[in-house]
Protein chains: 2
Amino acid sequence: MTTLHIVDDDEAIRDALGWLFQSRSVPVIGWDSAEAFLEAWTPDMAGCLLLDIRMEGMSGLELFDRLLGRACRMPVIFLTGHGDVPIAVAALKKGARDFVEKPFNDNELVDRVIDALAFDAEQRAREAGQAGVAARVATLTQREKQVMELVVAGRLNKVIADQLGISMRTVEVHRSHVFEKMRVKTAVELTRLLTSAG
Amino acid sequence: MTTLHIVDDDEAIRDALGWLFQSRSVPVIGWDSAEAFLEAWTPDMAGCLLLDIRMEGMSGLELFDRLLGRACRMPVIFLTGHGDVPIAVAALKKGARDFVEKPFNDNELVDRVIDALAFDAEQRAREAGQAGVAARVATLTQREKQVMELVVAGRLNKVIADQLGISMRTVEVHRSHVFEKMRVKTAVELTRLLTSAG
DNA sequence: GGGAGGGCTGCGGATATCCACAATAGCCCG
DNA sequence: CGGGCTATTGTGGATATCCGCAGCCCTCCC
């Protein structure tokens, strides 16, 4: 189980939530402002975010926007005592995971947080696989990438050679290097690797 | 542009919305109850749904649930004068496209509807392609499907032959039939066809 | 009983792919 | 300057794939 990050400028609420979640074995880290969290945030931070909307300084919504700008993928649950429908709808459409009004039901909130944490774990597992693929792609030379694209597009070596203006033998060499670097044995495996990961 | 289906038991609102959308060249069909729409609904119905939540008889939310149960893919926009945050959040998490409170801004509503219609059109185009693939898969015999799966899994003919306990030549024949019926020329193309469509 | 369709197999040849061995050439870096 | 990386090409042979031609078996159906 990864960590729940609670961002709320009200220490009493942070403490109450911290107690609630720790009693359910959910690791918690509290942040007393959006600014503090934003500064500490790194792309490898895992878990989920419980975000109060109304805070001194930067609001929870603004923090959310900034995190989106930094390609943060952590699921975000908004917590608010002043929520209205347009804000909730906008937040969810932008990709927020959930939106909970105070006062909330403890069990329900815990369920939603656990749900979000599980989602994050799955997402990270998927991305880890894709990152591995991306890392292998990064080791390819320009020519190898070109050849790989054409191979994955289903072209025969002969056609690829024509298209790149090089000999078939050279295509074979590049193709072989691509297979080796991408750790696959057939064009089909390579295609699956690249189309399943986008 | 496909059709906007307005479900609202208040004739005055249906008329007002009808006038609004027709003035923006959005074709509209009005329904005076969830029951009426549900009865008329067919899987090939295209466009989007503008759904009032509070109605006599079946509510908009219940209609939405029933449509989901029937695998309806039309984008749904809820319209309500009694919306509260939990309902909006639940609806959006279940897959509703949008949630708009009355009174609404005409231009904004029109924008959202047009957005939803465009989404539906794209989605239908995608599904049409997938349906074509599914139709071709349906013409395959059992043996051909088995061979196809192994081909797409990247196995060599030799391995497939072993695995199915038949000769390589037979695998070649099935493989060739699969390519013909699926209208592809290489295993890579076949893989793309099947992995992009799920 | 004969025809249609699906499944299985062999033969042989045309293509394609995979690979070891070998070589040329440009570029960058210590 | 020599070494490493990239790109390029060739020869020749082992594998794999693609395909037409031919034949056999079984089931379902008219």
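A, B, ... follow the sequence lines: proteins, then strands. Residue 1 opens every chain. Every value quoted in this text rests on a predicted model; they were computed, and no experiment measured them. When reading the values below, keep in mind they use all heavy atoms of this one structure, side chains included, and skip hydrogens, waters and symmetry mates.
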J.: Heavy atoms from C-beta onward define the side chain here; which of dT9(C), dG10(D), dT8(D) lies closest to that of S167(A)?
T.: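 Given the options dT9(C), dG10(D), dT8(D), the side chain of S167(A) is closest to dG10(D).
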
J.: Under 4.0 Å between a side-chain N/O of T170(A) and OP1 or OP2 of dA7(D), yes or no?
T.: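 No.
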
J.: Round to a whole Å and report the spacing from CZ of F179(B) to C1' of dA16(D).
T.: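 One finds 13 Å between C1' of dA16(D) and CZ of F179(B), rounded.
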
J.: Find out if a path of hydrophobic residues (ILVMFWY) with successive side-chain heavy-atom gaps under 4.5 Å connects V178(B) to V133(B).
T.: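 V178(B) and V133(B): one cluster.
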
J.: Whole Å only: how far is the CD atom of Q146(A) from the C1' atom of dT8(D)?
T.: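 So the two atoms are 14 Å apart, to the nearest Å.
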
J.: Is a donor from one side chain sitting under 3.5 angstrom from an acceptor on the other, for T191(A) and T191(B)?
T.: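 Their side chains do not contain a donor-acceptor pair, so the 3.5 Å distance test is not met.
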
J.: Separation of E144(B) atom CD from dG6(C) atom P, in whole Å?
T.: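 Whole-Å distance recorded here is 7 Å.
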
J.: Counting only side-chain heavy atoms from C-beta out, which of dT9(D), dC18(D), dG20(D) sits nearest to R169(B)?
T.: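 Of the options given, the side chain of R169(B) lies nearest dG20(D).
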
J.: From C-beta outward on R175(B), which listed nucleotide comes closest to its side chain: dA7(D), dG7(C), dC18(D)?
T.: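 Between dA7(D), dG7(C), dC18(D), the one nearest the side chain of R175(B) would be dC18(D).
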
J.: Check R112(A) with E108(A), please: is the shortest side-chain N to carboxylate O separation under 4.0 Å?
T.: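 So E108(A) pairs with R112(A) through a salt bridge.
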
J.: Counting heavy atoms from C-beta on, name the nucleotide in dA16(D), dC8(C), dG10(D) closest to the side chain of K158(B).
T.: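 Within the option list, the nearest is dA16(D).
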
J.: Donor-acceptor pair, Q123(A) side chain versus R73(A) backbone, under 3.5 Å?
T.: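 Such a contact is found between Q123(A) side chain and R73(A) backbone.
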
J.: Using whole Å, report how far NE2 of H174(B) lies from P of dG5(C).
T.: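 Atom-to-atom, H174(B) to dG5(C), this comes out as 16 Å.
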
J.: Kindly say if N157(B) contacts the phosphate of dA16(D), meaning a side-chain N or O under 4.0 Å from OP1 or OP2.
T.: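 Answer no for this pair, as no side-chain N or O of N157(B) is under 4.0 Å from OP1 or OP2.
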
J.: Using atom CG of L156(A) as one end and atom P of dT15(C) as the other, report the distance to the nearest whole Å.
T.: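 Distance, rounded to whole Å: 13 Å.
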
J.: Over how many whole Å does the gap from E172(B) atom CD to dT17(D) atom P extend?
T.: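 Taking CD of E172(B) and P of dT17(D), I get 8 Å after rounding.
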
J.: Among R143(B), Q142(B), E144(B), find the residue that satisfies the side-chain hydrogen bond (donor to acceptor under 3.5 Å, both in side chains) test when tested with Q146(B).
T.: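 When side-chain hydrogen bond (donor to acceptor under 3.5 Å, both in side chains) is applied between Q146(B) and each of R143(B), Q142(B), E144(B), only R143(B) qualifies.
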
J.: Without decimals, in angstroms, what is the distance between K185(A) NZ and dT15(D) P?
T.: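 Atom NZ in K185(A) sits about 17 Å away from atom P in dT15(D).
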
J.: Tell me whether the OP1 or OP2 atom of dA7(D) has a side-chain N or O from T141(A) closer than 4.0 Å.
T.: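 For dA7(D), OP1/OP2 do have a side-chain N/O of T141(A) under 4.0 Å.
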
J.: Rounded to the Å, how far apart are H177(B) NE2 and dG7(C) C1'?
T.: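 The answer, rounded to whole Å, is 10 Å.
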
